[in-house]
Amino acid sequence: MAKRDNLVRLTRFKVAEKRRQVDQLQMMLSEFERMAGDLDAQIASEEKKSGITDVQHFAYPTFAKAARTRRDNLTNSVGDLRIQMNAARIALEEAEAELVNAEKLEQRDAGDDRRTAVA
């Protein structure tokens, strides 16, 4: 029976760890999206100040160019994080299913132990 207790405890730990990973990825996604939005606003402001929106124009603001590059990098990172998030959610679902099975085994064993003790 102690083995089952350890198994349930271990699977609960795994589930908690997977949830932390999903939460952390979600927080990073939100932060990156917010930062990209801020950069979009800064780019628009710089373009409005200069009156130039063509990136290829020789007088296009350097700050706007750099902000565009940072924004594009953040957007790529968001895409990568979404892939990681999907994988983490799948791993969480698998860990939760494993926990349900471990708890069922523990309950079954506890019932068997009670029946053996009564007999």
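When the shell of 6.0 Å around CZ of Phe13 is examined, it contains 12 or fewer heavy atoms from other residues, nucleotides or ligands. Heavy atoms of other residues, nucleotides or ligands lying less than 6.0 angstrom from CD of Glu33 number more than 12.
Between Lys65 and Thr69 the shortest side-chain heavy-atom distance does not fall below 4.5 Å. Using a 4.5 Å heavy-atom cutoff, the side chains of Met85 and Arg89 are in contact.
Checked for salt-bridge contact, Glu103 and Arg12 meet the test: a charged N lies under 4.0 Å from a carboxylate O. Electrostatic pairing of Arg19 and Asp23 does not count as a salt bridge here, judged by no charged N lying under 4.0 Å from a carboxylate O. Salt bridge absent: Glu17 and Lys14 never bring a charged side-chain N and a carboxylate O closer than 4.0 Å.
We find the OG1-CG distance between Thr11 and Leu105 to be 10.0 Å, quoted to the nearest 0.5 Å. Here the CG-CZ distance, from Leu25 to Arg20, works out to 13.5 Å after rounding to the nearest 0.5 Å. Here CG of Leu39 is found 5.5 Å from CZ of Arg70. Values are rounded to the nearest 0.5 Å. Atoms CZ and OG, from Phe63 and Ser50 in turn, are 12.0 Å apart once rounded to the nearest 0.5 Å.
Side-chain contact check for Glu47 and Tyr60: at least one donor-acceptor pair (N or O, by modelled atom type) lies under 3.5 Å. If you check the side chains of Arg9 and Asn6, you find a donor sitting under 3.5 Å from an acceptor.
Put simply, the side chain of Ser30 gets close to the backbone of Gln26: a donor and an acceptor are under 3.5 Å apart.
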Verify salt bridge (Lys or Arg N to Asp or Glu O under 4.0 Å) between Arg68 and Asp72, making sure each step is shown before the conclusion.
CA-CA 6 Å; Arg68 279 183 180 277; Asp72 293 344; over 6 Å; no
